[in-house]
Amino acid sequence: MASVAKQTYAQRAAKQTNPAARALLETIERKRTNLCVSVDVTKQADFLRIIDTVGPYICLVKTHVDVIEDFDSSVIDRLQELSAKHDFLIFEDRKFADIGNTVALQYSSGVYKIASWSHITNAHPVPGPSIISGLSSVGVPLGRGLLLLAEMSTKGSLATGSYTEEAVRMARANRDFVIGFIAQHRMDGVGLRENESSPDEDFLVLTPGVGLDAKGDAMGQQYRTPREVVLESGCDVIIVGRGVYGKDDAADPDAVRVQAERYRAEGWKAYQERVGISA
């Protein structure tokens, strides 16, 4: 069988046992897009307008609902409506990083009740396996999926080497809930000890730090092109924020659509080349 990176999204979806992973791959295939837009704005009107604009072009929207200054429960209701309207999944970029009992409460309760509406969330591996146990106690019954932060796109990130290897080992031990990684490269074979094997291992790789017009920003973010991320590094989903909607939250919707389609097209073209599908 072809390596995972050479298989189509549809082929990989058919083998997934986690509902969130399967749904994401099916959405990617159905909509012909591996673009996730990260909507990091502070007003709910801007948040919802951008998502409604980019919705037709994305497989996934990445949110940070705790930065919305005028948040109330209606934001989640509307977000779910947009998810159904435009056929995309929701990824709350919470980056949990605490002991199991605490993260279970943060995931299920409080103001945001993340597990009730976010198909996918993520966590730092720093606390060890207990963080997965805590989150999975909430997420598995709801059919949710978890990504571990194996690598980051910021300059000087400490998520390298043995840290990344341990993240992958933790994922392998919890494949019912951990569906993949936030990373810059495929993790196939990473962290395997002598005489260990992982035949046909298929973890999703979602990659931030994607840009077509800039190589970085003033806060240490480093950008690579969709081609570098999808074709050369074998990643599955490109995550783009300001590259789509710009620095102005009130950007012209037509301009946002142009950029969303631009990134969608570049990401899909790189995928087609990777798996050997003619355009």
Side-chain angles (χ1 to χ4, degrees), residues 1-37 54-62 80 82-93 115 117-122 132 135-136 139-148 150 168 171-172 174-183 185-190 198-208 210 226 229-231 233-240 263-279:
M1 181 175 289
S3 67
V4 169
K6 293 294 186 180
Q7 295 172 31
T8 68
Y9 292 118
Q11 289 172 326
R12 294 169 63 189
K15 299 181 296 179
Q16 295 290 334
T17 57
N18 178 279
R22 184 170 59 251
L24 178 56
L25 287 165
E26 289 174 345
T27 301
I28 293 171
E29 180 75 23
R30 185 169 55 249
K31 293 185 69 177
R32 296 172 59 85
T33 175
N34 51 22
L35 172 63
C36 169
V37 170
V54 302
Y57 309 96
I58 64 175
C59 61
L60 187 68
V61 65
K62 184 167 81 71
Q80 291 178 302
L82 292 172
S83 171
K85 173 184 176 182
H86 294 300
D87 187 22
F88 61 76
L89 273 66
I90 303 166
F91 164 27
E92 167 58 17
D93 189 6
W117 50 269
S118 182
H119 304 95
I120 297 168
T121 191
N122 59 356
I132 301 176
L135 293 170
S136 66
V140 167
L142 296 173
R144 305 311 193 195
L146 179 70
L147 303 168
L148 293 181
V168 178
R172 289 194 182 109
N174 296 274
R175 295 190 64 171
D176 60 331
F177 186 47
V178 180
I179 64 173
F181 307 98
I182 299 295
H185 309 83
R186 290 212 66 77
M187 296 287 108
D188 304 346
V190 171
S198 55
D200 203 28
E201 178 175 271
D202 189 357
F203 286 112
L204 300 175
V205 179
L206 283 69
T207 304
V210 178
V229 168
V230 176
L231 176 61
S233 296
C235 303
D236 299 311
V237 174
I238 58 172
I239 301 174
V240 186
Y263 277 94
R264 186 213 65 80
E266 288 294 323
W268 195 253
K269 179 181 177 182
Y271 156 71
Q272 289 181 312
E273 187 172 347
R274 187 178 86 192
V275 299
I277 298 174
S278 58

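Heavy atoms only: backbone and side chains are in, while hydrogens, waters and symmetry mates are out.
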Using a 4.5 Å cut-off on heavy atoms from C-beta on, say whether the side chain of [Y] contacts that of [X].
X      : Y      : result
Arg175 : Glu201 : yes
Leu146 : Ser136 : no
Glu266 : Ile238 : no

Pairing residues for Phe203 by the ring pair (Phe, Tyr, Trp, His ring centres under 6.0 Å) criterion, not counting sequence neighbours: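 Once residues adjacent in sequence are excluded, the partners of Phe203 under the ring pair (Phe, Tyr, Trp, His ring centres under 6.0 Å) criterion are Phe181.
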
Give a yes or no on whether the backbone of [Y] and the side-chain of [X] come within a donor-acceptor separation of less than 3.5 Å.
X     : Y      : value
Arg12 : Gln7   : no
Arg22 : Gln16  : yes
Tyr9  : Asp236 : yes
Asn18 : Arg144 : yes

Supply the atom-to-atom distance [X] [atom1] to [Y] [atom2], rounded to the nearest 0.5 angstrom.
X      : Y      : atom1 : atom2 : result
Ile58  : Ile239 : CD1   : CD1   : 11.5 Å
Leu206 : Leu147 : CG    : CG    : 5.5 Å
Ile90  : Lys62  : CD1   : NZ    : 14.0 Å

Are more than 12 heavy atoms, taken from residues, nucleotides or ligands other than Lys31, located less than 6.0 Å from that residue's NZ atom?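 Correct, the count exceeds 12.
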
With Val237, which of Ile28, Thr33, Thr207, Leu25 fulfils side-chain contact (heavy atoms from CB on, under 4.5 Å)?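 Answer to the side-chain contact (heavy atoms from CB on, under 4.5 Å) test with Val237 among Ile28, Thr33, Thr207, Leu25: Ile28.
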
Can you say whether the rings of Phe88 and His86 are parallel (under 30°), tilted (30 to 60°) or perpendicular (over 60°)? parallel

